[in-house]
Amino acid sequence: MDIPKVISAVAASVAALGGSYTLADKFGWFQNPILEWAPEHFSIQSAKIGSPVTVTVARVKKRDDCSVESFIPTIRDASGMMHEATPSASKFTGPAGDQIDTFTYQLMVSEKQSIAPGKATLTAIIKYKCPEGERVVTYPRHKNLSFVLEP
């Protein structure tokens with residue numbers, strides 16, 4: 001038996017496995033979710049255009065090793081136009097766990113363009129900095145993210 005060849009083969013196998021794991025992790029094949037939404041507990045109160053919109057969201061935080069880098073909410077009005085919205089809180093904290101965590105904040109909608117009254121939908125993008133790199137999470141599609149903007 002040729003010991004150096006055996007050692008080389010084992011070392012190559014270990015390197016290939018490590019490289020495969022790293023590649024799979026980069027492509028997101030091993031998902032380790034940051035949070036899980038509980039949209040049935042979401043609530044958005046109807047509001048007059050120009051007034052703050054009160055939003056309650058719910059999640060189960062799965063990880064403590066990621067930090068929020070940015071939170072970008074937008075509102076799609078009844079005409080489909082997207083509007084910037086400024087939240088009263090830009091970062092939400094709390095420990096990871098298996099319970100649903102709800103929190104409430106207010107949004108002020110930018111009035112750079114006219115806002116169409118009627119049914120509106122809240123969307124949001126949250127960028128996290130995690131040990132494996134940047135991760136992006138969006139609000140789920142759910143009926144509880146719709147509300148009415150009144151004239």
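Predicted model only: the values in this text are computed from it and were never measured.
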Rounded to the nearest 0.5 Å, the CH2 atom of Trp37 sits from the CG atom of Leu145 at a distance of 9.0 Å
So NE2 of His83 and OG of Ser114: to nearest 0.5 Å the spacing works out to 7.0 Å
task = Measure up the Tyr105 and Phe71 rings against each other and bin them: parallel (under 30°), tilted (30 to 60°), perpendicular (over 60°).
result = perpendicular
Salt bridge or not between Arg76 and Glu84? Use side-chain N to carboxylate O under 4.0 Å.
no
Shortest non-hydrogen pair, Pro151 vs Ile49, comes out as CA-CD1, 4.4 Å
- Query: Does Val55 reach the side chain of Phe147, with side-chain heavy atoms less than 4.5 Å apart?
  - Reply: no
For Gln99, look at atom CD and say whether over 12 heavy atoms of other residues, nucleotides or ligands are found less than 6.0 Å away. no
Item to check | Exercise: do Ser67 and Glu69 side chains pair donor with acceptor under 3.5 Å | outcome: yes
Of all heavy-atom pairs linking Lys119 and Ser146, the shortest is CE-OG, 3.4 Å
Any side-chain heavy atom of Asn144 sitting closer than 4.5 Å to one from Pro39? no
To the nearest 0.5 Å, atom CD1 of Ile44 lies from atom CD1 of Ile75 at 7.5 Å
Item to check | Hphob cluster co-occupancy, Val60 + Tyr128, side-chain heavy atoms under 4.5 angstrom | outcome: no
>> Any salt bridge linking Lys62 with Glu36? Criterion: basic side-chain nitrogen under 4.0 Å from a carboxylate oxygen.
In response: yes
**Study point:** Modelled atom types, side-chain donor and acceptor of Thr56 and Ser43, under 3.5 Å
**Key:** no
- Query: With hydrophobic residues grouped by side-chain heavy-atom distances under 4.5 Å, do Leu35 and Val136 end up in a single group?
  - Reply: no
Q. Taking C-beta and beyond as the side chain, do Thr138 and Thr123 meet within less than 4.5 Å on heavy atoms?
A. no
Any side-chain heavy-atom pair of Pro73 and Leu122 under 4.5 Å: yes
Determine whether Lys127 and Val68 make a side-chain contact, defined as any pair of heavy atoms from C-beta on separated by less than 4.5 Å. no
Subject >> pair Val57-Phe42: side-chain heavy atoms closer than 4.5 Å >> reply: yes
Discussion item. A side-chain contact here means heavy atoms from C-beta on lying under 4.5 Å apart; do Gln45 and Val53 qualify?
Written reply: no
